[in-house]
Amino acid sequence: MSLLIKNVTVCNADNMEAGVDILLGGGIVKEMGKNIQGKTDRVIDGQGLYAFPGFVDLHCHLRDPGFTHKEDIVSGTKAAAAGGFCAVCCMPNTKPVADSVETVAYMIKKAQEAGFCEVLPVASITQGMQGKELTDFAALIRAGAVAFSDDGLPVVEDDMILAAMDKAKELGTFLMLHEEDLEMRGQGVVHDGENAKRAGICGIPRAVEECMTARDIMYAERTGAHIHICHVSTEGSVELIRRAKSRGVHVTCESGPHYFSATDEMILDKNPNAKMNPPLREERDRQAVCRGIADGTIDAIATDHAPHSKEEKAVGIEQAPFGIIGFETAFALAVTNLVDVGIRDWKDLARLLSERPNALLKRKGGRIAAGMPADIVLCDVREKYIYSEKDIVSKAKNTPFLGTELCGRVKMTIGGGKITYDRQAD
Ligand SMILES: [Zn+2]
């Protein structure tokens, strides 16, 4: 199938150009230029739209196998396509845990059959995420695992994380680390600050995240392994990573749209949908995340899409599980809270949502150019709307951004040359 996108503004990490035609065929970009003519199966009018390279999410939870009442690979990848994603890395805390070749293969195959979005499984570091025994990294990589993580949990034992780092280095892969001192967190639910006190809810201090981040940076420096710090939320973590990078430690990191868009004021009404881990922090942390994004300390925006059912979240903020959905608001939150306020520009969004995550995964993509994969997102970057439940494609609705005014709408997603989301047809 061939597609011709007419008269669009192309937005790559290093250049922008208006009035471009893009011809897609055979799963790749065939030609780009002005006034491309010729017979194609479909012509798409790109007038007024921006074309970004297909987004890649380094961090999400698809809940399949095992928790498909929350989300499954079909509903999750459909929601991802609606958010402009052409590939998503799914975390291994499923049931069973993605610690076997069979589970990894199941995830990839089910996503391929659904055809909405490529799924790149992240296999667990330890068997059953129990922290006791390493998984078979080499076999899991052969099955299609793109990285290793016990996300949801830290790797507590020093011997275990050091062994994992050595193995990752040997095999040329990387570890995605959920940094949390569980003992220090205790019964903490939200960020440990004035707002937690006001609401009378037990807090999670910044140090819960920062001390484990510091430990793993130290070990990465010692072993030379590539570590990737997940969902960076505090001023201190951003600074630790900035300094480590300047020393040449092989550390990369991501932060989520919620950490640069919101603060712990959101928990004052005890909304369980404003509860995630790590928690929403204070304004100074939000600003530090923005600065980290601006100076390149933070490599990528990753959603940490974490669906839960209405019933599970309806038990009050203290008992409700951690996590919010994120595929469908990631782009709009980035437009609203990074671009519209002048922190970053359009090219940076192409870098943060596509170029860098593709590069980290050594995946071909991240740029709209002749010969590159036909992974393209068409967006109306000026459309304003109030985000409402009827907009949500995901099975789950747990987001604190309902009722918020957002700017920026994904209109169409094309993955591998195929239309995977079309808002007009929706
Ligand atoms: Zn995590």
Side-chain angles (χ1 to χ4, degrees), residues 57-63 66-67 70-71 76 88-95 97-99 120-126 128-131 145-156 160-161 164 174-185 188-191 204-217 227-234 236-238 240-241 251-260 262 273-281 285 289 298-308 312 320-327 330 357 360 396 398-399:
D57 192 359
L58 289 172
H59 190 142
C60 75
H61 300 271
L62 297 176
R63 308 300 192 203
F67 305 102
K70 299 173 193 270
E71 190 82 285
V88 297
C89 298
C90 64
M91 288 296 157
N93 60 341
T94 46
K95 197 173 158 190
V97 166
D99 60 4
L120 308 169
V122 175
S124 65
I125 293 173
T126 65
M129 291 176 52
Q130 299 284 313
V146 293
F148 293 83
S149 179
D150 276 0
D151 183 56
L153 293 170
V155 179
V156 177
M160 195 51 58
I161 192 69
F174 64 105
L175 306 179
M176 303 183 75
L177 299 174
H178 170 109
E179 304 296 21
E180 181 179 29
D181 184 321
L182 290 176
E183 247 172 74
M184 200 192 295
R185 185 185 98 201
V189 171
V190 297
H191 170 67
I204 304 173
R206 294 182 179 90
V208 165
E209 173 178 328
E210 292 161 355
C211 64
M212 288 295 274
T213 303
R215 180 198 73 169
D216 287 337
I217 286 173
I227 62 166
H228 175 90
I229 311 290
C230 293
H231 38 58
V232 170
S233 78
T234 76
S237 295
V238 175
L240 281 164
I241 295 160
V251 56
T252 55
C253 73
E254 69 193 34
S255 188
H258 37 292
Y259 301 117
F260 62 71
N273 290 334
K275 176 183 179 181
M276 75 290 286
N277 190 14
L280 295 173
R281 304 279 183 187
D285 301 287
V289 168
I298 293 171
D299 295 85
I301 296 171
T303 68
D304 198 4
H305 178 82
H308 293 292
E312 287 165 316
F322 290 105
I324 65 169
I325 57 170
F327 288 143
L360 286 176
N398 52 309
T399 163

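FYI, side chains are in, hydrogens and waters are out, and symmetry mates aren't considered; it's all heavy atoms of this structure. Numbering of ligands and ligand atoms starts at 1, following listing order.
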Heteroatom N/O/S of His59 within less than 2.8 Å of the Zn ion (ligand 1): no
Cys230 near the Zn ion (ligand 1): N/O/S under 2.8 Å: no
Nearest to the Zn ion (ligand 1) - the N/O/S atom of His178, by atom name: ND1
The Zn ion (ligand 1) - closest N/O/S atom in Asp151: OD1
Flag side-chain contact, heavy atom, 4.5 Å: Phe67 against Pro307: no
Glu71: which of His61, Arg63, His305 passes side chain to side chain donor-acceptor pair (under 3.5 Å): His305
Ring geometry between His231 and His59 (parallel below 30°, tilted from 30 to 60°, perpendicular above 60°): tilted
Pairwise distance CG(Leu58) to CE(Met91) - rounded to 0.5 angstrom: 8.0 Å
